> 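First the structure, which I've put down as structure tokens, then a few questions once you've had a look.
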Amino acid sequence: MSNDFTMVLGLGNTGISVIRHLQSKEGHVHACDSRLGRQTGQIPHLSTVRTDFPNVKIVPPRRFAKAVADFSRVVASPGLALDDSLLKFAEIERVPIVGDIDLFLDEVDVPVIGITGTNGKSTTTMLVGEMLCAKGYQVCGNIGLPVLDALSSNAAGYIVELSSFQLERLNRAQFDVAVITNIAEDHLDHHSSMAQYIASKKRIYEDCEFAVYNGRDSRTRPQSDRPGIAVDGDLDWRVVEQGIVVAGTLIPSDRLALRGKHNHFNLVAASAVAHHMGANLDTIEHVARTFKGLAHRTQLIAIVDDIEYINDSKATNVAAAVASIHGMSAGGRDLILIAGGDSKNADFSKLAEAIGEHVRHVVLFGRDASRIAEHLHSVEFEFANSLETAVTRARELAVPGTCVMLSPACASYDMFENFEQRGTSFAAAVRGLMT
């Protein structure tokens, strides 16, 4: 076999985008997925590869060790752990392992903005996209559109949302602007330690020209001195009680469409990026007035009998839920929290602190509801056997002026396919109250 062949490992959304990209360029592509032969029905794009790319040879896992020595590189999907057994065979044979972000950065010759963070990265990415839309920038990456598929847009620049999984595999970070919104405990079932998780996130700064980071979170600070903006550490770029300060200009709270102080931070961070890339203040203020947020992120579903129902299903970790509780309880608002799910072995002590300060009642559901309950000592709580039951019970407990918020602090996989399905179920239950 020629050494010009590439092995694509993993046939999820990233894997199929890599195959599309490589087929259009070189045509010598093989593919493998560790689920072949035992969980074949769970491989998202296997049938697409077989139908649309008949020249791609599918290599079963049992033959990977023998085949990999003949390849010039392996392109690994981000969900694969660094110590994955198949990747170990590539390392033994000294075959380079790259990710789709490496292939993407090798192709582009226009500005690229990289954005990561434990929470808020999707909202920040979309805000930057709105602010730089008129300049021809394209949003892509972990937010949905794979980076290699985005190349066909021939954009004037790219705004790439990056997960820690993508960053840990990146060979060299080359971003014109790099952003870390915050860092908190998450994905420790994938990363071996919190230190490794932080190190993965901070790789985004390695070769960046300008950094935007969190002035209140020292873990987001770049390792070396470089031009940048520390949001909430710079008087010209910060969240204040009256609203936000952008380039030294106050935009009052009543002119901001986004709800919650945590989202106001994301708005300032996005403004700092966009301003650095040439967006004017009129454009930034227009986006601040009109951008209402992404689905499943402190999303207002309905107001029923003067009770607000907020879908924050994307809060899949403790830090995200804590930020939402602080953000949505401003002004002493009466708050009922619906939480629970797959805890990912999280520590719920900080969640309990936030609940104790700002939440009147908690309705818990899902596999690890009792783990959260163990930390609740100063607030009333109860259990529900389903999300729908939790919504009904929250309605019974609410009074006019109450905010009922789903902010689970847990992953959704115990009861739902993903956080989107969980949020959609919440919204359906809320709408059922209106019938």
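Quantities reported herein were computed from a predicted structural model and do not represent experimental measurements.
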> Grab the two heavy atoms, one from Pro61 and one from Asp33, that are nearest each other, plus how far apart they are.
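What the structure gives for the nearest pair is CG-O, 3.3 Å.
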> Would you sort out whether Ser407 and Leu337 count as a side chain to side chain contact (heavy atoms under 4.5 Å, CB included), showing the intermediate values?
CA-CA 7 Å; Ser407 193; Leu337 178 70; 3.7 Å; yes
> For a quick test of reading the model, state the closest non-hydrogen atom pair linking His286 to Thr290 and the distance between them.
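That would be O-OG1, 2.8 Å.
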> Run the salt-bridge test on Asp312 and Arg297 with the 4.0 Å N-O cut-off and return the result as yes or no.
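Salt bridge between Asp312 and Arg297, a charged N being under 4.0 Å from a carboxylate O: no.
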> Any carboxylate oxygen within less than 4.0 angstrom of a Lys/Arg side-chain nitrogen, looking at Asp232 and Arg216?
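The answer is yes: the pair qualifies as a salt bridge.
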> Just checking, any donor-acceptor pair under 3.5 angstrom between side chains of Thr220 and Asp217?
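The criterion, which ignores hydrogens and geometry beyond distance, is not satisfied for Asp217 and Thr220.
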> So, Tyr213 versus Thr181: side-chain donor-acceptor pair below 3.5 Å or not?
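No, no side-chain donor-acceptor pair sits under 3.5 Å.
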> Decide yes or no for Leu267 and Met131: does some side-chain heavy atom of the first lie under 4.5 Å from some side-chain heavy atom of the second?
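With C-beta onward as the side chain, the pair touches.
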> Measure up the Phe104 and Tyr158 rings against each other and bin them: parallel (under 30°), tilted (30 to 60°), perpendicular (over 60°).
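Taking Tyr158 first and then Phe104, their aromatic rings stand perpendicular (interplane angle over 60°).
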> Any side-chain heavy atom of Leu256 within less than 4.5 Å of one from His264?
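In short, these two side chains touch, coming nearer than 4.5 Å.
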> For a quick test of reading the model, state the closest non-hydrogen atom pair linking Asp176 to Pro111 and the distance between them.
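Looks like OD1-CA, 3.3 Å.
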> Taking Arg367 for its side chain and Asp414 for its backbone only, find out whether a donor-acceptor pair lies under 3.5 Å.
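No, the answer is negative, given that no donor and acceptor are paired below the 3.5 Å cut-off.
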> Are any of the side-chain heavy atoms of Val404 and Ile338 separated by less than 4.5 Å?
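Contact flag for Val404/Ile338 side chains = yes.
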> Report the C-alpha distance between Ile159 and Ile115 in whole Å, list the side-chain angles of each, state the deciding distance to 0.1 Å, and finish with yes or no for side chain to side chain contact (heavy atoms under 4.5 Å, CB included).
CA-CA 7 Å; Ile159 306 153; Ile115 299 174; 3.8 Å; yes
> Compute the centroid of each ring, for Phe175 and then for Tyr205, and state whether the two points are separated by less than 6.0 Å.
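Not close enough - the centres of the two rings lie 6.0 Å or further apart.
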> Please determine whether side-chain hydrogen bond (donor to acceptor under 3.5 Å, both in side chains) holds for the pair Glu420 and Ser313, giving the CA-CA distance in whole Å, both sets of side-chain angles, and the decisive distance to 0.1 Å.
CA-CA 7 Å; Glu420 292 96 341; Ser313 182; over 6 Å; no
> Would Asn214 and Arg219 satisfy side chain to side chain contact (heavy atoms under 4.5 Å, CB included), going step by step from the backbone distance to the final call?
CA-CA 8 Å; Asn214 189 328; Arg219 293 175 295 189; over 6 Å; no
> Measuring only between side-chain heavy atoms, which start at C-beta, is Asn385 closer than 4.5 Å to Phe365?
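In short, these two side chains do not touch, never coming nearer than 4.5 Å.
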> Roughly how far, to the nearest 0.5 Å, is the OG atom of Ser122 from the CG atom of Asn266?
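Output value for this atom pair is 10.0 Å.
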> Does the side chain of Val74 reach to within under 4.5 Å of the side chain of Thr6, using non-hydrogen atoms?
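No; the side chains remain at least 4.5 Å from each other.
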> Under 3.5 Å, is there a donor-acceptor pair between the His326 and His358 side chains?
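Yes, because at least one side-chain N or O of His326 sits under 3.5 Å from a partner of the opposite role on His358.
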> Under the salt bridge (Lys or Arg N to Asp or Glu O under 4.0 Å) criterion, do Glu168 and Lys201 qualify, and how do the steps go?
CA-CA 7 Å; Glu168 71 178 353; Lys201 288 290 192 185; over 6 Å; no
> Tell me whether Lys261 contacts the main-chain N or O of Val240 through its side chain, where contact means a donor paired with an acceptor under 3.5 Å.
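Answer holds: yes.
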> Is the number of heavy atoms from other residues, nucleotides or ligands under 6.0 Å of Tyr413 OH greater than 12?
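Open.
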> Main chain of Gln421, side chain of Ser425: is a donor-acceptor contact present, judged purely on distance under 3.5 Å?
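Yes, the answer is positive, given that a donor and an acceptor are paired below the 3.5 Å cut-off.
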> Would you name the heavy atoms of Ala76 and Leu87 that are closest together and state the gap between them?
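Heavy atoms of Ala76 and Leu87 come nearest at CB-CD2, 4.0 Å.
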> Taking the side chain from Lys344 and the backbone from Cys410, do they hold a donor-acceptor pair closer than 3.5 Å?
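Not at all, since once roles are kept as given, no pair shorter than 3.5 Å links the two residues.
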> In plain terms, say whether Arg422 and Glu417 are close enough for a salt bridge, that is, a side-chain N and a carboxylate O under 4.0 Å apart.
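Here Arg422 does not pair with Glu417 in a salt bridge, since their nearest N and O are not under 4.0 Å apart.
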> In terms of heavy-atom contacts, does CZ of Arg226 have more than 12 from other residues, nucleotides or ligands at under 6.0 Å?
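Yes - once you tally the heavy atoms of other residues, nucleotides and ligands closer than 6.0 Å, there are more than 12.
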> Between Asp83 and Lys88, does at least one N-O distance fall below 4.0 Å, as a salt bridge requires?
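No.
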> Identify the two heavy atoms, one from Cys32 and one from Pro60, that lie closest to each other, and give their separation to 0.1 Å.
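The answer is SG-C, 4.1 Å.
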> Can you check whether Ile198's main-chain N or O pairs, donor with acceptor, with Lys202's side chain at less than 3.5 Å?
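Here the side-chain-to-backbone pair does not exist.
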> Does Gln299 use its side chain to pair, donor to acceptor, with the backbone of His296 at less than 3.5 Å?
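Here the side-chain-to-backbone pair exists.
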> For a 4.5 angstrom cut-off between non-hydrogen side-chain atoms, does Val179 reach Lys121?
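With C-beta onward as the side chain, the pair stays apart.
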> So that I can tick it off, tell me whether Glu308 and Arg259 are bridged by a salt bridge, with the cut-off set at under 4.0 angstrom between side-chain N and carboxylate O.
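Answer for the salt bridge query: yes.
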> Taking the side chain as C-beta and beyond, is there a heavy-atom pair between Val110 and Tyr137 under 4.5 Å?
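A side-chain contact under 4.5 Å is absent here.
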> Apply side-chain hydrogen bond (donor to acceptor under 3.5 Å, both in side chains) to Ser386 and Thr389, showing your working.
CA-CA 5 Å; Ser386 70; Thr389 304; 2.8 Å; yes
> Can you see which heavy atom on Ile284 is nearest to which on Ser271, and at what distance?
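Shortest heavy-atom separation between Ile284 and Ser271 comes out as CG2-OG, 3.3 Å.
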> I'd like to check Asn311 versus Thr298 (side-chain heavy atoms, cut-off strictly below 4.5 Å). Are they in contact?
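SC-SC contact between Asn311 and Thr298 ruled out.
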> Within the distance-only criterion (no hydrogens, no angle test), does the side chain of Asp102 pair as donor or acceptor with the backbone N or O of Asn171 below 3.5 angstrom?
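Pair found, side chain donor or acceptor close to backbone of Asn171.
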> Before accepting this row, confirm whether a basic side-chain N of the pair Glu206/Arg203 lies closer than 4.0 Å to the acidic partner's carboxylate O.
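Salt bridge flag = yes for Arg203 with Glu206.
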> Here's a test for you: under side chain to side chain contact (heavy atoms under 4.5 Å, CB included), which of Leu250, Thr249, Ile244 qualifies with Val246?
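It is Ile244; the other options fail the test.
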> Using a distance-only test with no angle check, is there a side-chain donor-acceptor pair under 3.5 angstrom linking Arg50 and Thr48?
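Note: Arg50 and Thr48 side chains miss the donor-acceptor criterion.
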> Between Ser343 (side chain only) and Asn345 (backbone N and O only), is there a donor and an acceptor less than 3.5 Å apart?
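Between the backbone of Asn345 and the side chain of Ser343 there is a qualifying donor-acceptor contact (under 3.5 Å).
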> Aromatic rings His30 and Phe5: how do their planes relate, parallel, tilted or perpendicular, breaks at 30° and 60°?
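Perpendicular.
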> Report the C-alpha distance between Thr118 and Tyr197 in whole Å, list the side-chain angles of each, state the deciding distance to 0.1 Å, and finish with yes or no for side-chain hydrogen bond (donor to acceptor under 3.5 Å, both in side chains).
CA-CA 10 Å; Thr118 304; Tyr197 175 61; 2.8 Å; yes
> If we ignore hydrogens and angles and just use 3.5 Å, is the side chain of Asn182 paired with the main-chain N or O of Asn119 as donor and acceptor?
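Checked: pair present.
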> Take Ile97 and Arg169, measure what side chain to side chain contact (heavy atoms under 4.5 Å, CB included) needs, and give me the verdict at the end.
CA-CA 8 Å; Ile97 301 169; Arg169 197 174 302 286; 4.0 Å; yes
> Return yes if a side-chain donor-acceptor contact under 3.5 Å exists between Ser17 and Thr14, otherwise no.
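There is no such pair between these side chains.
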> Please check if the side chain of Glu130 supplies one atom and the backbone of Leu127 the other of a donor-acceptor pair under 3.5 Å.
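Side chain of Glu130 to backbone of Leu127, a donor-acceptor pair under 3.5 Å: no, none is there.
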